[in-house]
Amino acid sequence: MDAASDAAPEVTADATPDVTAAVSRRRLAIRAAVEQGLLSDAHPVVALLDVASVRESAARLRAAFAEVTAPGRPVLHAFAVKAASLVPVVRLLADCGLGCEVAGPGELALARAAGVAPERIVLDSPAKTTGELREALELGVALNVDNRQELERLDALLAPGALPSPPVSPVGLRVNPQIGGGGIAAMSTATATSKFGFALRDEGAREFVVRACVERPWITRLHCHVGSQGMPLEAMAAGVAATYELAEEINAAVGEQRIDTLDIGGGLPVNFASEEITPTFAEYARLLRDTVPGLFDGRYGLVTEFGRSLLAKCGLVLARVEYAKSAGGRPIAVTHAGAQVAVRTVFAPEAWPLRIAAHDGRGRPKEGPGLVQDVAGPCCFAGDLVARGRELPELEAGDLVALLDTGAYYFSTPFDYNSLPRPGVYGFTVGGDGGGGGGIGDGEDGEAPGNADGGRTDTVRFLTVRPPQTLDDVVAASGGAQRDALIAPRP
């Protein structure tokens, strides 16, 4: 299941992320975005993704599970495409040895467009149509069944002669161990009333799952996803343990190993409070090894579905401060980054706070005494604030703000409020090796003229992931070609 490009860095499970290097690359990229014209009056907000950080993150994930997995046992790390639904990002992660977890026909199309092989894709949508199920079976994409009615649809699709050729898709059942929620209710997937999977503690549900697997030789997997932002690692491990115990029960009932693969989902929390990457993939993998040792003894294949924890710290949103004003004695910086790129932070600020970095108009880190102020977005409603009462160097018109840790779920899934154009998304590399390691501090005397970071911004190369949306694009997406469709013909 596991493969990787030669371009992916080799790391060990205990490798410490080089946070200092990542911060240096980020600062160079911010300055270069100004100097190279990515950020301009026409495009006052852009999104940047550090290619080297993405590769390093994928390598840390693979190393963490390689350390605890029995030699020769297959592991598929399937990136949760919803975390960054951008074809070049999916392609980059595939080049790093990852597959894809998709939750619908759109994400499946993105994974296929990125060149991901069907056998490295897992379909997990809770609302699959019959057509989507048939397509997955015909392609050989793995399926995780969410409920009894979906299982009945598969029974019909897998009846002799129903499909043109015998399917090769691995099929699993998604189960909900009902272990409880985490710190963010909307992100908790293992509560008693979660919409996902077979609820194992409901009356008769566990017995039904065991019987379904015994009666259907083509069910060879179990799937759980109990983690997400706000969920303690111990609770995540407990959910995996419950799923493993169910697999053992099913195999005992069959009399042989019918369930041969466990899909343990993703959901590793992200530290949004500092540069530190914590918890780490290695910490989680070792906790799983200690909690569920049988998972790694060589009898089971393994699938993971990490998303946010892979990419959050690899990206940022950079926006211009258009105006600086005050109201009720509170300074307010009005910027071009609001709900359209940070919808979760705007609508649930307590659950999704973001770090904000202040820069001057040339892209240099801004210094000065802290001033308590709000950082607002451009959307036309009062709550469009990405930071409230935040102490930052005083922001002025023409300055820049960077919304940090936004490489997952933010700019890749914009909110089309006020018909604001979607920002351009650019990957960046620093130096000539494409991995971000060169070019920093290699000017004369270790310093490039005018660069506060001691690096050269001409070593930053930007790679277009998604071009900025034009106003013509906005009109077209809003039915521009059907302008007169609702005007009734006149007699």
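Values below: every heavy atom of this structure, side chains too, minus hydrogens, waters and symmetry copies.
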A.B. asks: Minimum heavy-atom separation for Gly361 and Val34, please, with both atom names.
C.D. replies: O-CG1, 3.6 Å
A.B. asks: List for me each residue that meets salt bridge (Lys or Arg N to Asp or Glu O under 4.0 Å) alongside Glu396, sequence neighbours excluded, and say none if there are none.
C.D. replies: Lys366
A.B. asks: Can we say Arg422 and Asp416 salt-bridge, meaning some charged N sits less than 4.0 Å from an Asp/Glu carboxylate O?
C.D. replies: yes
A.B. asks: Quick one: ring-ring contact (aromatic ring centres under 6.0 Å, His included) partners of Tyr284, sequence neighbours excluded?
C.D. replies: none
A.B. asks: Who passes salt bridge (Lys or Arg N to Asp or Glu O under 4.0 Å) against Asp384, sequence neighbours left out?
C.D. replies: none
A.B. asks: Could you report the tightest heavy-atom contact between Leu98 and Ala58, atom names first, then the distance?
C.D. replies: CD1-CB, 4.0 Å
A.B. asks: If you count every heavy atom of other residues, nucleotides or ligands that lies below 6.0 Å from Arg112 atom CZ, does the total exceed 12?
C.D. replies: no
A.B. asks: Any heavy-atom pair between the side chains of Val346 and Trp352 that's under 4.5 Å?
C.D. replies: no
A.B. asks: Please list, chain by chain and in numerical order, all residues satisfying ring-ring contact (aromatic ring centres under 6.0 Å, His included) with Tyr300, sequence neighbours excluded.
C.D. replies: Tyr244
A.B. asks: Using modelled atom types only, decide if a donor and an acceptor are shared between the side chain of Glu283 and the backbone of Thr280 within a distance under 3.5 Å.
C.D. replies: yes
A.B. asks: Apply the test salt bridge (Lys or Arg N to Asp or Glu O under 4.0 Å) to residues Lys128 and Glu150: give CA-CA distance (whole Å), side-chain angles for both, the deciding distance (0.1 Å), then the verdict.
C.D. replies: CA-CA 8 Å; Lys128 308 177 197 72; Glu150 185 178 331; 2.8 Å; yes
A.B. asks: Could you tell me which non-hydrogen atom of Phe79 sits nearest to which non-hydrogen atom of Leu311, and how far apart they are?
C.D. replies: CZ-CD1, 3.6 Å
A.B. asks: Quick one: do the Ser53 and Arg25 side chains pair a donor with an acceptor below 3.5 Å?
C.D. replies: yes
A.B. asks: Does Arg26 pair with Glu275 as a salt bridge, N-O distance under 4.0 Å?
C.D. replies: yes
A.B. asks: For residues 314-322, which side-chain donor-acceptor pairs fall under 3.5 Å, sequence neighbours excluded?
C.D. replies:
from	atom 1	to	atom 2	distance (Å)
Arg320	NE	Glu322	OE1	3.1
Arg320	NH2	Asp41	OD1	3.2
Arg320	NH2	Glu322	OE1	2.7
Glu322	OE1	His336	NE2	2.7

A.B. asks: Ignoring hydrogens and geometry, is there a side-chain-to-backbone donor-acceptor pair from Gln340 to Gly338 under 3.5 Å?
C.D. replies: yes
A.B. asks: Is there a side-chain contact between Asp146 and Leu151 in this structure, where contact means two heavy atoms from C-beta onward sitting under 4.5 Å apart?
C.D. replies: no
A.B. asks: What pairs with Glu119 under salt bridge (Lys or Arg N to Asp or Glu O under 4.0 Å), at least two apart in sequence or on another chain?
C.D. replies: none
A.B. asks: Show the nearest heavy-atom pair for residues Ala408 and Gly307, with the distance to one decimal.
C.D. replies: CB-O, 4.5 Å
A.B. asks: Taking Glu67 first and then Arg286, would you say they form a salt bridge - that is, a charged N and a carboxylate O separated by under 4.0 Å?
C.D. replies: yes
A.B. asks: Listed by chain and number, what are the ring-ring contact (aromatic ring centres under 6.0 Å, His included) partners of Phe428, not counting sequence neighbours?
C.D. replies: none
A.B. asks: Taking all heavy atoms of Val45 and all of Leu39, pick out the closest pair and write down the distance.
C.D. replies: N-CD1, 3.7 Å
A.B. asks: Name each donor-acceptor pair under 3.5 Å that joins a side chain in residues 460-468 to protein atoms two or more places apart or in another chain, with its distance.
C.D. replies:
from	atom 1	to	atom 2	distance (Å)
Arg466	NH1	Phe411	O	3.3
Arg466	NH2	Phe411	O	3.1
Arg466	NH2	Pro423	O	3.0

A.B. asks: In plain terms, say whether Lys313 and Asp405 are close enough for a salt bridge, that is, a side-chain N and a carboxylate O under 4.0 Å apart.
C.D. replies: yes
A.B. asks: Using a 3.5 Å distance criterion without hydrogens, assess whether the side chain of Asn418 forms a donor-acceptor pair with backbone atoms of Cys380.
C.D. replies: yes
A.B. asks: Is a donor from one side chain sitting under 3.5 angstrom from an acceptor on the other, for Tyr410 and Thr345?
C.D. replies: yes
A.B. asks: Can you list everything that forms a ring-ring contact (aromatic ring centres under 6.0 Å, His included) with Phe347? Sequence neighbours excluded, please.
C.D. replies: Phe381
A.B. asks: Quick one: which residue pairs count as a ring pair (Phe, Tyr, Trp, His ring centres under 6.0 Å) with a foot in residues 36-67, not counting sequence neighbours?
C.D. replies: Phe65-His77
A.B. asks: Side chains of Val122 and Val141: does their closest heavy-atom pair fall under 4.5 Å?
C.D. replies: no
A.B. asks: Report the residues that fulfil side chain to side chain donor-acceptor pair (under 3.5 Å) with Arg134, sequence neighbours left out, ordered by chain and then residue number.
C.D. replies: none
A.B. asks: Examine distances only and state if a side-chain atom of Gln373 and a backbone atom of Pro393 form a donor-acceptor pair shorter than 3.5 Å.
C.D. replies: yes
A.B. asks: With sequence neighbours left out, what residues match Gln36 under side chain to side chain donor-acceptor pair (under 3.5 Å)?
C.D. replies: none
A.B. asks: Nearest heavy-atom pair of Thr413 and Tyr409: which atoms, and what distance?
C.D. replies: OG1-O, 2.6 Å
